[in-house]
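To keep things clear, I will list the structure first and then write my remarks on it.
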Amino acid sequence: MTKRPLDILDLVLNRQPVIVSLKGGRELRGILQGYDVHMNLVLEKATDVENDISKNVGTLIVRGDNVIYISPSVEQQ
Amino acid sequence: MTKRPLDILDLVLNRQPVIVSLKGGRELRGILQGYDVHMNLVLEKATDVENDISKNVGTLIVRGDNVIYISPSVEQQ
Amino acid sequence: MTKRPLDILDLVLNRQPVIVSLKGGRELRGILQGYDVHMNLVLEKATDVENDISKNVGTLIVRGDNVIYISPSVEQQ
Amino acid sequence: MTKRPLDILDLVLNRQPVIVSLKGGRELRGILQGYDVHMNLVLEKATDVENDISKNVGTLIVRGDNVIYISPSVEQQ
Amino acid sequence: MTKRPLDILDLVLNRQPVIVSLKGGRELRGILQGYDVHMNLVLEKATDVENDISKNVGTLIVRGDNVIYISPSVEQQ
Amino acid sequence: MTKRPLDILDLVLNRQPVIVSLKGGRELRGILQGYDVHMNLVLEKATDVENDISKNVGTLIVRGDNVIYISPSVEQQ
Amino acid sequence: MTKRPLDILDLVLNRQPVIVSLKGGRELRGILQGYDVHMNLVLEKATDVENDISKNVGTLIVRGDNVIYISPSVEQQ
């Protein structure tokens with residue numbers, strides 16, 4: 001079955017942490033709490049990893065144009 | 001419950017300072033006083049931190065396309 | 001016969017792995033499970049190859065503006 | 001009270017000089033004489049500061065996509 | 001006679017190979033099998049040339065925003 | 001009185017030369033003969049200054065997205 | 001008289017060669033055979049000049065977002 005990219009995000013809302021790979025080599029992890037059509041994201045209990053240094057950053061509103069990919073890091077059904 | 005990214009910003013308007021991470025490694029802190037759909041922001045009592053040097057810059061109107069993420073740095077209900 | 005670029009993607013949905021070349025020299029491989037008009041992609045059983053180092057990343061939602069090209073790596077009929 | 005980013009600019013039209021931080025490290029100062037929805041700006045009696053060298057440039061029409069932030073450098077009511 | 005840029009592409013569909021010059025110094029060659037208004041392209045029997053190293057990549061769907069120019073490498077009538 | 005950025009350009013059409021500062025450090029000078037909403041410009045009797053080397057380039061059609069600012073280099077009324 | 005930027009291009013269609021300055025330091029020359037609102041261009045008998053090395057490239061379809069300026073290199077009436 002074909003799935004639209006943004007619909008996949010619905011499956012991981014409020015569940016296991018997702019990995020968000022950002023332009024410029026930064027990586028975020030957190031619980032996906034919301035998103036919109038621009039791939040603006042709300043992450044909770046987020047950590048910001050840059051050059052192997054991890055920082056707790058709490059809640060984040062991420063602007064979608066920075067995103068390379070989002071990895072649910074779990075298997076879809 | 002799912003939350004849309006920009007709605008989260010409503011919860012932090014005129015409250016504790018937010019952290020705004022900008023493209024190019026710059027970081028702003030300040031009270032969020034307003035925003036629009038482009039993530040243009042109004043920050044008050046803002047400081048601009050670059051290479052660990054912090055500068056008071058008063059009120060700022062930030063153009064949204066510079067934003068990587070906004071961190072309310074407080075827990076949402 | 002002329003084919004529209006996005007229609008080609010229909011032919012490779014849920015089949016052999018595709019190669020996705022990204023801006024910045026990164027390369028992804030995986031089963032294409034979905035896409036939209038922005039070339040946002042859903043890849044399954046994906047690997048992320050950077051500087052010849054390959055990493056299994058499971059399911060990925062890729063933001064289309066990072067894509068240089070998609071190679072079905074199979075012959076179309 | 002919540003304020004929309006562009007409305008703040010109305011408060012500083014034709015008053016004290018504003019500071020405009022541009023992508024690429026350039027900074028402009030001048031009296032804000034006008035703006036539009038793209039954050040295109042009209043500055044008067046402007047100076048262009050780059051690498052600590054300041055240059056008088058008179059009137060400027062600035063294309064909005066170069067703007068990082070605008071600082072009224074005065075307190076709003 | 002004046003020709004619109006995208007109409008020229010119709011003349012070379014499914015014929016001699018075209019050269020596609022990409023941002024970042026990459027060059028693709030292949031039979032143009034399709035295109036759309038964004039200059040998204042379908043290339044067949046494509047080769048990817050980077051730093052004088054040529055690689056066969058079969059069919060490619062190229063995202064239009066990477067294109068600098070397309071050279072039909074044949075004379076138009 | 002408030003002035004919209006593009007309206008200012010009307011005041012300098014076909015008069016003294018304007019200075020156009022471009023992304024990447026290039027600077028153009030010339031008589032502004034026309035413009036549109038994208039800040040695409042027509043310059044006449046233009047010179048292109050790069051690294052202090054000045055080159056006469058006659059008439060130019062400049063794509064607006066390259067513009068940082070336009071300086072009429074004259075006082076407005 | 002005021003001229004709109006794209007209208008100027010009509011005056012040089014199918015006449016003397018134009019010079020097209022591209023982002024990244026590349027320069028194209030050729031007979032302008034067509035264009036559209038995005039400044040996508042058709043050039044004939046084109047040469048591609050990079051680092052003072054000139055290469056004949058025949059017909060070119062240039063994607064408009066690469067253009068810095070177009071110089072008709074002739075005087076307009």
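FYI, side chains are in, hydrogens and waters are out, and symmetry mates aren't considered; it's all heavy atoms of this structure.
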Nearest 0.5 Å please: distance from the [atom1] atom of [X] over to the [atom2] atom of [Y].
X	Y	atom1	atom2	answer
B:K23	A:L22	NZ	CG	10.5 Å
A:I61	B:R4	CD1	CZ	13.5 Å
B:I19	A:D48	CD1	CG	10.5 Å

Per-residue contact mode, B:D65 against chain A (heavy atom under 4.5 angstrom):
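Contact with chain A: backbone and side chain both.
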
Sort [X] into side chain, backbone, both or neither according to what part of it lies under 4.5 angstrom from a heavy atom of chain B.
X	answer
A:L32	neither
A:L60	both
A:D36	both

Closest non-hydrogen atom pair, B:Y69 against A:V62: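 Answer, listing the atom of B:Y69 first, then A:V62: CB-CA, 3.9 Å.
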
| task | Evaluate the side-chain proximity of A:R63 to B:P5: yes if any heavy-atom separation is below 4.5 Å, no if none is. | result | no

Most heavy-atom pairs under 4.5 Å with chain B, out of A:N66, A:L41, A:L43, belong to A:N66

